[in-house]
Amino acid sequence: MISMVAMVLIGAGALFFLAGTIGLLRFPDLHCQLHALTKADGLGLTLIGLGAALLAGSVGDIARIALICAFAALSGATCGHLIARHARRGDAEGRDV
Amino acid sequence: MTGPDWLTLSIMLPLFGAVAAFILPRAAAGLGLATVAATTLCVLMMADRVAAFGAVTVPLGGWGAPLGIELRADGLSVAMLALTGMVGLLVSVSAIDAFAGDRTARQRHYFWPLWLLLLSGLNGVYLGTDLFNLYVMIEIIALAAVGLTVLGGTREALRAGLDYVYASILGALLFLLGVGLIYLQLGRLDFAGVIAAPPSAAMTAALAVMFVGLALKTALFPLHVWLPAAHANAAAPASALLSGLVVKGALYIVLRLAGYMPALTEDILTLIGLMGAGAVIWGGIQALRADRLKLLVAWSTVAQIGLIFVALARAGERGLSDSWKAAALLILAHGIAKAAMFLAAGRIKDEVGHDRIRDLDRSPIRPTLAQVTFALAAINLIGLPPSLGFIGKWQLMEGAMMAGYWHWVAITMIGTLFSVAYFSRVLAGFLRFDRVRGGPLAEHHGWSGADAAPLILAGAAVLLGLAAGPIIAFIDLGAGGAMP
Amino acid sequence: MTPDLIYGAAGLAVFGIGLWGAIALQDRMRRLLGLKLCSVGAGFVLIVGAWREPPAAPDPVPHALVITGIVVMLSATAAALALIRRLHDLEAADDRA
Amino acid sequence: MSEPLFLFDLLLALAVVAIAAAALLVRDAFAMIVLFVVFGLLSALAWVRLAAPDVALAEAAIGTGLTGALLLKTLHHLRARGMAGWEPGAAAPRPVPRAVASLNAGLTLAVVAGLGVAILGSPLRVTGLEIAVAEAMPLSGVDNPVTAVLLNFRAYDTLMEVVVLLAAIIVVWQVERGADAAPAPSLGPIWQGFARLTLPAAAIVGVYLLWAGAEAPGGAFQGGAMLAAIGLMLLLTGLYRPHPDHRATARLLFVLGTVAFAAVALLVAGAGRASFEYPQGHAKTLILLIEGLVTISIAVTLTALFHGREPAALKGELRHDP
């Protein structure tokens, strides 16, 4: 029963990744792409993490999965911010010139 | 194991010296010279041991091959180590002079750590018996050699250095791929295991990849394109090390592997010989066309490397039975003479102020001793008696004649003619006085203590030919084809 | 088809692509990247040689060799990139002059 | 159960090859580096599939992470100085003659095909050294076979590997003497906060990797790379600014690992033992000592390789310093 739930969670997570990737490929500009990528991937990873945690054997493993998810969320958000910031400054410079 | 472990010491001493010279840049020259001297002493002790007991083996870590790595010194290794020590010591002496003064302080600070790391790597190659370990060692050599190439910091040197990096890394990676393929088949990487391997198509493929990698590193035609610029644009002591010693590292590995490979077929030997012949001719033509002295010397390196490969492939009945001795003699002769020649070329450039061959005879300054050194080195490289180069060529031609390979004898003769021709371009300029315009002639002789080291080297290369018998007997020590 | 055959073929292909890049491309950084691909390809060959049918543990020696190879390649890359940067500065200065 | 895994392997292998080709062919240099990083991570994943977690860690951290950082830094440097061909969308460099290009491709293809045929024709899965390693493991002083190979059976190789790193930093300092740095990118407050949060965690992970290397995947190189990542963040956040006065210390830290390793290797010799032969019962202590010092050197050297030029007394730099 637990493994079934885990499978469903992981499958849902994979779907979100797919959606995020399609967004990356299909959206017209960088900000939209970032919008699709960061949110969908954050959710996808969390779902997969939840599923994996259900399958995990020990408390230590669950703690590690939680840590991974937390740091991935943190770095994902920071990266998204840095890319957007860089793009905006690049645009501004382009207009100045 | 009785007595100190000279093998490990001869690798570790330069390492500690490099570290000390890097930490204490102000004392780098003194530390460096002392380290090179101590290392050479180590090699002499090792030579004594090998002469007395035959090959010496050190199982590092006590594990023994194939699990661990072994160091092994036999006649050929010690001969290469001695070449490195002797050339290294004299180049070091002249480097102290070349990098003296405030203008070159920065170059001096970095020359010594890099050169000592290079020495460590070279000694490691000559003592190594493990293919992967050889890969790591040739990478140390490559990085240190690149550092030496770009020591001057000019744009030309940096360009040449970058091309050298690419060639070097690619050569090492091809070698690594070959190592991987050999491990795939044999499950071990020590020389003993590789020698015992039965010949197969896959072994030939692996060895071929390794050979191409090494040929790239040693600049065998047509993979030589990086060498002339790199050697011609470096500072004189660096050029001497690069041309005299560095290319010998990869060459030595080829010699070792070729000597032990039963899988080498007639076709492959012919191919190696043909590449060597191509190098002899193309290097000769380019040396004839070169407009600068150092470039000419660099192109002559390409030609002479080719000759060594001809010797390796074709000086004897079965190709390899005795030809490695001719090749080893040519390597020793070339190492000493080419280092002397680059140092002399550097001295001439320093004194005259340029190294354009056309204008060398129009200078009011005559760097006499450097010119004598250059001539002595040329005698060796052309192969006139009694020089070591003569003995090497004699061995090569004798072996080829006895086996009836007249075309390889012809190649050797053509190479000799080329070398006479391109060195004459320089030597003729040394002998002419009549083209100087303006000012009195030969007032300034332009020689100094800095000429001593190259002169000793060039003289040694000529005189060592008289000791050729003992040298040939020594490099045979512990060889006999059989590894422990 | 076992993993070692699949990845062995992939490793050789990667080595080939890298080799082509290193000899055929002109851009300095791209040639360096080609060399890096070669090193990964050679790593694949060694690791494939270490692989054994699952219950058996893999051979650790090639693993150690590949780790060494990775560090060596990074060192060479760093040196080459320093040369590229310096050379670019000198050439840019010449262009301005 | 093996069917989906087979499919996975096949897809992964195809992706690795395709991305490798794409990285070389893509026009934009930044995209090239991003594709390279993806390629490296996928290769690491493939190596996990081949039961080589130690190597996968090293490839991800050093071969991909730090190499990627070095490439990006160089690209930033080149673009800051402005060079034709480096801006996205700039004109391609002068085209190679078609004959030369096809010759190159043909040669490469011939080489690889020859190798492939030769390998297929050879006996595969020869027993390697795993039996010898397994027999010697109890004497090695550690429980992770890869660490045992690196720091005991083939310790000589590993010492020389540390020497290669030392040679690299000497070359880099020598090449970039007195070079100006490209202006550092300003990364903003969010990045600073992120760095503050992650730095301590990265430090813990680095030390853990070093420590775990004795019995689980990890070790000096992976731990050193993790600590070097901290160094990179310190440099990028400006929390640490290299200063000419730090040169002597930096040199000492670069050589620390080499000196300690070589000294131990020589000092244990004697009394019937060869160099690198640790005395019975002391292997673990000595290995941990060497690993600890080597990790420090690796971390500092990798950070310095990223920083590039030797911190020299430049006018611009002195003005920035308080």
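Throughout, protein chains are lettered first and strands after them, A, B, ... in sequence-line order, and every chain is numbered starting at 1. Values below: all heavy atoms of this structure, side chains included; hydrogens, waters and symmetry mates excluded.
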Asks: What part of Phe16(B) gets closer than 4.5 Å to chain D, counting heavy atoms only: side chain, backbone, both or neither?
Replies: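 Only the side chain of Phe16(B) comes within 4.5 Å of chain D.
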
Asks: Between Gln185(B) and Ser200(B), does a side chain to side chain contact (heavy atoms under 4.5 Å, CB included) hold up when you go through it step by step?
Replies: CA-CA 10 Å; Gln185(B) 295 160 56; Ser200(B) 68; 3.9 Å; yes

Asks: For residues Glu291(D) and Ala220(D), report the shortest heavy-atom separation together with the two atoms involved.
Replies: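 Reported closest heavy-atom pair: OE2-N, 3.3 Å.
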
Asks: Under a 4.5 Å heavy-atom cut-off, does chain B meet the side chain of Ala167(D), its backbone, both or neither?
Replies: both

Asks: I want to check something: taking the side chain as every heavy atom from C-beta on, are Asp54(D) and Asn144(D) in contact at a cut-off of under 4.5 Å?
Replies: yes

Asks: Against chain B, work out which of Val171(D), Val111(D), Val172(D), Val268(D) has the most heavy-atom pairs shorter than 4.5 Å and name it.
Replies: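 With the most close heavy-atom pairs to chain B, the winner is Val171(D).
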
Asks: Once rounded to the nearest 0.5 Å, what's the spacing between atom CG of Asn133(B) and atom CD1 of Ile138(B)?
Replies: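 Reported value, rounded in 0.5 Å steps: 10.5 Å.
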
Asks: Taking every heavy-atom pair that is under 4.5 Å apart, which of Leu252(D), Asn152(D), Leu139(D), Val133(D) has the most such pairs with chain B?
Replies: Asn152(D)

Asks: Less than 4.5 Å apart, side chain to side chain, heavy atoms only: is that true for Met160(D) and Ile11(B)?
Replies: yes

Asks: Side chain of Thr57(B), backbone of Ala73(B): donor and acceptor closer than 3.5 Å?
Replies: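 Side chain of Thr57(B) to backbone of Ala73(B), a donor-acceptor pair under 3.5 Å: no, none is there.
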
Asks: Tell me, out of Gln107(B), Glu139(B), Met137(B), who's got the most heavy-atom pairs with chain D below 4.5 Å.
Replies: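 Looking at each of Gln107(B), Glu139(B), Met137(B) in turn, Met137(B) comes out on top.
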
Asks: Can you tell me which of Leu71(B), Ile69(B), Val136(B), Leu143(B) forms the most heavy-atom pairs within a distance under 4.5 Å of chain D?
Replies: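 It is Ile69(B).
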
Asks: Where does Leu67(B) contact chain D at under 4.5 Å (heavy atoms): side chain, backbone, both or neither?
Replies: both

Asks: Taking every non-hydrogen pair under 4.5 Å, which of Pro66(B), Ala144(B), Pro113(B) racks up the most with chain D?
Replies: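 Among the listed options, the one with the most contacts to chain D is Pro66(B).
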
Asks: Of the backbone (N, CA, C, O) and the side chain (C-beta and beyond), which part of Tyr135(B) lies under 4.5 Å from a heavy atom of chain D, both, or neither?
Replies: neither

Asks: Considering only heavy atoms, which portion of Leu181(B) lies under 4.5 Å from any heavy atom of chain D: side chain, backbone, both, or neither?
Replies: side chain

Asks: On the 0 to 90° scale, with breaks at 30° and 60°, tag the Tyr110(B)-Phe22(B) ring pair as parallel, tilted or perpendicular.
Replies: tilted

Asks: So which residue, Val146(B), Leu24(B), Ile140(B), Leu7(B), ends up with the most heavy-atom pairs under 4.5 Å with chain D?
Replies: Ile140(B)

Asks: Which atoms of Ser275(D) come close to chain B, meaning under 4.5 Å heavy atom to heavy atom: side chain ones, backbone ones, both, or neither?
Replies: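 Both backbone and side chain.
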
Asks: Give the C-alpha distance, both sets of side-chain angles, the deciding distance and a yes or no for side chain to side chain contact (heavy atoms under 4.5 Å, CB included) between Leu50(D) and Val55(D).
Replies: CA-CA 10 Å; Leu50(D) 289 167; Val55(D) 194; over 6 Å; no

Asks: Within a reach of under 6.0 Å around NE2 of His246(D), are more than 12 heavy atoms found that belong to other residues, nucleotides or ligands?
Replies: yes

Asks: Is the shortest heavy-atom distance from the side chain of Glu277(D) to the side chain of Leu60(B) under 4.5 Å?
Replies: no

Asks: How close do Arg106(B) and Trp173(D) get, counting heavy atoms only, and between which atoms?
Replies: NH2-O, 3.6 Å

Asks: Could you list which of residues 158-177 of chain B have a heavy atom closer than 4.5 Å to any heavy atom of chain D, in residue-number order?
Replies: Leu158(B), Leu177(B)

Asks: Does anything in residues 147-154 of chain B reach chain D? List residues with heavy atoms under 4.5 Å apart, or say none.
Replies: Gly147(B), Val150(B), Leu151(B), Gly152(B), Gly153(B)

Asks: What part of Val212(B) gets closer than 4.5 Å to chain D, counting heavy atoms only: side chain, backbone, both or neither?
Replies: neither

Asks: Using a cut-off of under 4.5 Å for heavy-atom pairs, which of Arg154(D), Glu130(D), Glu161(D) has the most such pairs with chain B?
Replies: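 Going by pairs under 4.5 Å, I would pick Arg154(D).
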
Asks: Heavy-atom distance under 4.5 Å to chain B: side chain of Leu129(D), backbone, both or neither?
Replies: both

Asks: Heavy-atom distance under 4.5 Å between the side chains of Val19(B) and Ile23(B), does that happen here?
Replies: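 Counting from C-beta outward, Val19(B) and Ile23(B) do come under 4.5 Å.
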
Asks: Can you say whether Ala248(D) sits under 4.5 Å from chain B via the side chain, the backbone, both, or neither, judging by heavy atoms?
Replies: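 Neither part.
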
Asks: Thr104(B) side chain to Phe99(B) main-chain N or O, any donor-acceptor pair under 3.5 Å?
Replies: yes

Asks: With heavy-atom distances below 4.5 Å as the criterion, would you say the side chains of Leu122(B) and Val125(B) are in contact?
Replies: no

Asks: Using heavy-atom distances under 4.5 Å, tell me whether Ala155(D) contacts chain B through its side chain, its backbone, both, or neither.
Replies: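 When you check distances to chain B, no heavy atom of Ala155(D) falls under 4.5 Å.
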
Asks: Would you indicate whether the side-chain heavy atoms of Leu207(B) and Ile182(B) approach each other to under 4.5 Å?
Replies: yes

Asks: State, yes or no, whether a side-chain contact exists between Glu70(B) and Asp190(B) at a heavy-atom distance under 4.5 Å.
Replies: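 Sidechains of Asp190(B) and Glu70(B): no contact.
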
Asks: Under 4.5 Å from any heavy atom of chain D, what part of Leu117(B) do you find: side chain, backbone, both or neither?
Replies: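 When you check distances to chain D, only side chain atoms of Leu117(B) fall under 4.5 Å.
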
Asks: Cys42(B) and Leu13(B): side chain to side chain contact (heavy atoms under 4.5 Å, CB included), yes or no, with the steps?
Replies: CA-CA 9 Å; Cys42(B) 247; Leu13(B) 269 182; 4.0 Å; yes

Asks: Using modelled atom types and a 3.5 Å cut-off, is there a donor and acceptor pairing between side-chain atoms of Ser140(D) and backbone atoms of Met137(D)?
Replies: yes

Asks: Taking the side chain as every heavy atom from C-beta outward, state whether Pro25(B) and Arg251(D) have any atom pair closer than 4.5 Å.
Replies: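 Pro25(B) vs Arg251(D): side chains touch.
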
Asks: Among Phe153(D), Phe254(D), Phe276(D), Tyr278(D), who wins on heavy-atom pairs under 4.5 Å with chain B?
Replies: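 So the answer, after comparing Phe153(D), Phe254(D), Phe276(D), Tyr278(D), is Phe153(D).
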
